[in-house]
Amino acid sequence: MKDFYEERTTSKYNPGEIELVEILISAYRKIGLTDMNVTLITPYNLQKQKLKDILYKYQISAKSIDGAQGQENDIILLSLVRSNQKGVV
């Protein structure tokens with residue numbers, strides 16, 4: 001998946017990964033896990049902002065790595081945004 005950035009910031013985001021996060025959350029809800037059981041962590045501020053656009057309907061917040069410390073949930077989703085030139089982390 002290709003990462004993107006916006007002119008006003010050096011932070012990056014990945015729309016394909018955002019879509020994958022929404023697919024995963026929908027699957028977790030189908031098996032009965034509540035929104036309160038999910039923590040989503042990303043080190044990129046722009047990815048966090050873009051994730052908030054879809055996560056509000058699930059009542060899940062995207063957090064920075066520091067912001068997620070101390071939380072205990074059943075599911076931790078980690079959104080890293082970028083990969084190397086071969087397309088793998």
Side-chain angles (χ1 to χ4, degrees):
M1 288 186 242
K2 184 171 177 10
D3 60 313
F4 296 84
Y5 71 97
E6 292 182 353
E7 293 294 324
R8 68 186 198 296
T9 179
T10 58
S11 190
K12 300 195 181 312
Y13 74 101
N14 184 319
E17 187 152 320
I18 292 169
E19 184 179 329
L20 180 61
V21 165
E22 188 165 25
I23 290 167
L24 287 170
I25 291 170
S26 293
Y28 292 139
R29 289 174 60 99
K30 285 180 183 176
I31 62 171
L33 292 172
T34 66
D35 298 336
M36 301 306 282
N37 295 101
V38 179
T39 295
L40 194 141
I41 302 169
T42 183
Y44 290 90
N45 284 329
L46 190 54
Q47 182 80 352
K48 184 172 71 171
Q49 291 171 1
K50 300 285 185 180
L51 283 163
K52 285 181 179 182
D53 291 343
I54 65 152
L55 295 176
Y56 75 92
K57 62 186 163 189
Y58 300 109
Q59 297 179 330
I60 296 172
S61 61
K63 300 189 181 290
S64 66
I65 293 170
D66 290 340
Q69 287 182 338
Q71 292 198 3
E72 296 181 16
N73 283 322
D74 296 327
I75 298 168
I76 308 295
L77 296 175
L78 179 61
S79 179
L80 294 175
V81 177
R82 302 180 77 188
S83 62
N84 62 20
Q85 290 182 353
K86 293 181 182 181
V88 296
V89 174

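Note that the structure is predicted; figures quoted are calculated from it, not measured.
- In this structure, the separation between CD1 on I54 and OG on S26 is 8.5 Å, given to the nearest 0.5 Å.
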Given S61 and Y56, is the side-chain hydrogen bond (donor to acceptor under 3.5 Å, both in side chains) satisfied, shown in steps?
CA-CA 7 Å; S61 61; Y56 75 92; over 6 Å; no

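- Residues S79 and Q47 come closest through the heavy atom pair OG-NE2, 2.9 Å.
- Residues I76 and I41 approach most closely at CG2-CD1, 3.6 Å, considering heavy atoms.
- Relative to the six-membered ring of Y13, K50 meets both conditions, a distance below 6.0 Å and an angle of at most 45° to the axis.
- Taking CD from E19 and CG from L24, the interatomic distance works out to 11.0 Å, rounded to the nearest 0.5 Å.
- Under a 3.5 Å cut-off, the side chain of S11 and the backbone N or O of Y44 do not form any donor-acceptor pair.
- Placement of I31 and L77 within a single hydrophobic cluster is found when ILVMFWY residues are connected by side-chain heavy-atom separations under 4.5 Å, directly or transitively.
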Using the side-chain contact (heavy atoms from CB on, under 4.5 Å) rule, take T39 and I75 through it: C-alpha gap first, then chi angles, then the decisive distance, then the call.
CA-CA 6 Å; T39 295; I75 298 168; over 6 Å; no

Chi angles and distances behind the side-chain contact (heavy atoms from CB on, under 4.5 Å) call for L40, V21
CA-CA 9 Å; L40 194 141; V21 165; 3.2 Å; yes

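- Taking CD1 of I18 as the start and NZ of K52 as the end, the distance is 12.5 Å to the nearest 0.5 Å.
- Counting heavy atoms from C-beta outward, L51 and T42 have side chains that approach closer than 4.5 Å.
- Residues L80 and L78 form a side-chain contact, since some pair of their non-hydrogen atoms from C-beta on lies under 4.5 Å apart.
- Here E22 pairs with K57 under the salt bridge (Lys or Arg N to Asp or Glu O under 4.0 Å) rule; sequence neighbours left out.
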